[in-house]
**Q** 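The structure follows.
Atoms considered below: every heavy atom in the structure, side chains included; atoms not considered: hydrogens, waters and symmetry mates. Fair warning: this is a prediction, and the values are worked out from it, not measured in the lab.
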Amino acid sequence: MLIIVGIILTSFILTADHHNYWGAFDDTQFPGTPTIEEQLSKKLAIIFPINKNTDMQFYRNTWLREYLYPVCDWSEPGCKIVCNKESTYETLDEKTFCFSKEMKKFSDKEFFIKLDDDAFVDRDYVFGLMRKYSGSKKPVYISDHTRFNDPDNKDSLHEVLYGNGKFYMFNYNLIKCLDTNFKYEHHPRNEDAVFGGMVRSGCGEKSVEFVQEDDDKIWHKEYKNKNKYIDLSFIKNH
């Protein structure tokens with residue numbers, strides 16, 4: 001009996017490679033199957049408000065390139081969101097309403113980053129956050145949050161919890177409940193606080209998962225790491 005079993009087993013091993021029996025358990029036989037990271041990469045949009053001083057060449061030569069959704073005042077090549085209105089520092093709150101309304105149309109995306117044009121963020125950090133919060137049922141809002149002091153808008157913006165403008169990341173669940181018809185009386189106001197107001201008005205702070213960002217993975221105005229130092233801010237005499 002043992003001899004018969006041995007003969008059968010030997011025959012199976014010798015013919016396994018020919019018939020690819022082992023291949024049934026080898027995931028490399030499906031080379032077209034996207035990895036988890038490839039799947040996540042298709043779900044990311046980086047909302048990037050720009051102006052005439054923004055160096056798009058710099059950002060297009062970084063990992064951000066394929067995810068950039070430039071927010072422009074007027075239509076021009078490469079713009080993904082166009083507000084059709086000249087923006088100034090005093091009207092950035094209006095520009096925030098503009099791109100917030102447009103984001104509601106991007107239902108094919110799961111994650112969004114609002115990034116200033118003098119900031120930079122680590123790629124692995126972003127993908128780690130996407131892996132962690134992908135599929136979350138709650139609205140997720142990742143940033144360095146603080147309360148906004150605005151007694152002149154006591155019923156709308158005062159004490160609203162909002163993220164630091166250099167970087168905030170959120171999921172589409174937050175976009176779905178965002179109140180893009182949010183009203184306040186005294187203008188202009190900090191554009192990031194206004195975004196926080198839209199969150200509180202539409203989603204309710206108790207329904208949102210607020211996540212503290214890792215500032216070691218985000219650079220604002222300057223990038224310093226090992227032997228690199230890059231000034232990310234606007235140089236006035238250039």
**Q** Does some side-chain heavy atom of F120 sit less than 4.5 Å from a side-chain heavy atom of I230?
**A** no
**Q** Would you find a donor on one side and an acceptor on the other, under 3.5 Å apart, between the side chain of D116 and the backbone of A119?
**A** no
**Q** In the hydrophobic clustering that connects Ile, Leu, Val, Met, Phe, Trp and Tyr at side-chain heavy-atom distances below 4.5 Å, which members other than L92 occupy its cluster, ordered by chain and number?
**A** Y89
**Q** Is there a side-chain contact between I36 and L40 (heavy atoms, below 4.5 Å)?
**A**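 Result yes, sub-4.5 Å side-chain heavy-atom pair found.
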**Q** What pairs of residues pass the ring-ring contact (aromatic ring centres under 6.0 Å, His included) test when at least one of them lies in residues 198-217, not counting sequence neighbours?
**A**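 Matches after skipping sequence neighbours: Y141-F210, H145-F210.
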**Q** With side chains defined as the heavy atoms from C-beta onward, is the minimum distance between F195 and S100 less than 4.5 Å?
**A** yes
**Q** Kindly give the heavy-atom pair with the smallest separation between W63 and I46, and that separation in Å.
**A** CH2-CD1, 4.4 Å
**Q** Would you please name every residue forming a salt bridge (charged side-chain N to carboxylate O under 4.0 Å, His left out) with K109, sequence neighbours left out?
**A** none
**Q** Please lay out, stage by stage, how E222 and S233 fare under the test side chain to side chain donor-acceptor pair (under 3.5 Å).
**A** CA-CA 7 Å; E222 60 181 18; S233 60; over 6 Å; no
**Q** I'd like to know if the two cysteines, C83 and C72, have SG atoms within less than 2.5 Å.
**A**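 A disulfide is absent here, as the SG pair of C72 and C83 is separated by 2.5 Å or more.
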**Q** Could you list the residues that satisfy side chain to side chain contact (heavy atoms under 4.5 Å, CB included) with T146, not counting sequence neighbours?
**A** Y162
**Q** If we only count heavy atoms from C-beta on, is the L174 to K138 side-chain gap below 4.5 Å?
**A** no
**Q** Taking only residues at least two apart or on different chains, which pairs with a member in residues 77-86 satisfy salt bridge (Lys or Arg N to Asp or Glu O under 4.0 Å)?
**A**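 For residues 77-86, and leaving out neighbouring residues, the salt bridge (Lys or Arg N to Asp or Glu O under 4.0 Å) pairs sorted by first residue read K85-E94.
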**Q** Enter the distance from I47:CD1 to M169:CE here, rounded to the nearest 0.5 Å.
**A** 12.0 Å
**Q** Among residues two or more places apart or on two chains, list those pairs meeting salt bridge (Lys or Arg N to Asp or Glu O under 4.0 Å) that have a residue in residues 191-202.
**A** K114-D192
**Q** Looking at every non-hydrogen atom in both residues, tell me the closest pair between S201 and D179 and how far apart they are.
**A**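 Taking S201 first and D179 second, the nearest heavy atoms are OG-OD2, 2.6 Å.
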**Q** Any side-chain heavy-atom pair from P70 and Y59 closer than 4.5 angstrom?
**A** no
**Q** Does the side chain of L178 come within less than 4.5 Å of K104's, by heavy atoms?
**A**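 Of all side-chain heavy-atom pairs linking L178 with K104, at least one is under 4.5 Å.
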**Q** Taking ring pair (Phe, Tyr, Trp, His ring centres under 6.0 Å) as the test, write out the residues that go with F182, two or more places apart.
**A** Y184
**Q** Hey, does D117 have a side-chain heavy atom less than 4.5 Å from the side chain of F48?
**A** yes
**Q** Taking side chain to side chain contact (heavy atoms under 4.5 Å, CB included) as the definition, give me every residue that meets it alongside K176, ordered by chain and number, with sequence neighbours left out.
**A** Y172, N173
**Q** Please identify each residue that fulfils ring pair (Phe, Tyr, Trp, His ring centres under 6.0 Å) with F97, with sequence neighbours left out.
**A** none
**Q** With sequence neighbours left out, which residue pairs that include part of residues 46-63 fulfil the salt bridge (Lys or Arg N to Asp or Glu O under 4.0 Å) condition?
**A** none
**Q** What closest approach, in Å, do V140 and N171 show between heavy atoms, and which atom pair accounts for it?
**A**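 Result for this residue pair: N-OD1, 2.9 Å.
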**Q** Is there a donor in the side chain of S143 and an acceptor in the side chain of N164, or the other way round, less than 3.5 Å apart?
**A**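 No - no donor-acceptor pair under 3.5 Å links their side chains.
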**Q** With sequence neighbours excluded, tell me which residues meet salt bridge (charged side-chain N to carboxylate O under 4.0 Å, His left out) with D150.
**A**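 Expected list: R189.
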**Q** Mind listing the closest non-hydrogen atom pair of V208 and C203 along with its distance?
**A** CG2-CB, 3.8 Å
**Q** Do NZ/NE/NH1/NH2 and the carboxylate oxygens of K166 and D215 come within less than 4.0 Å?
**A** yes
**Q** Could you state the interatomic distance from OH (Y168) to CG (D144), rounded to the nearest 0.5 Å?
**A**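 Reported value, rounded in 0.5 Å steps: 13.0 Å.
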**Q** Please step through side-chain contact (heavy atoms from CB on, under 4.5 Å) for the pair V126 and F111, ending with a clear verdict.
**A** CA-CA 10 Å; V126 168; F111 293 100; over 6 Å; no
**Q** Output all residues satisfying salt bridge (charged side-chain N to carboxylate O under 4.0 Å, His left out) with E37, sequence neighbours left out; order by chain, then residue number.
**A** R123, R131
**Q** What I want to find out is whether K95 reaches D73 closely enough, with some N-O distance under 4.0 Å, to be called a salt bridge.
**A** yes
**Q** Does Y69 have its ring centroid less than 6.0 Å away from the ring centroid of F99?
**A** no
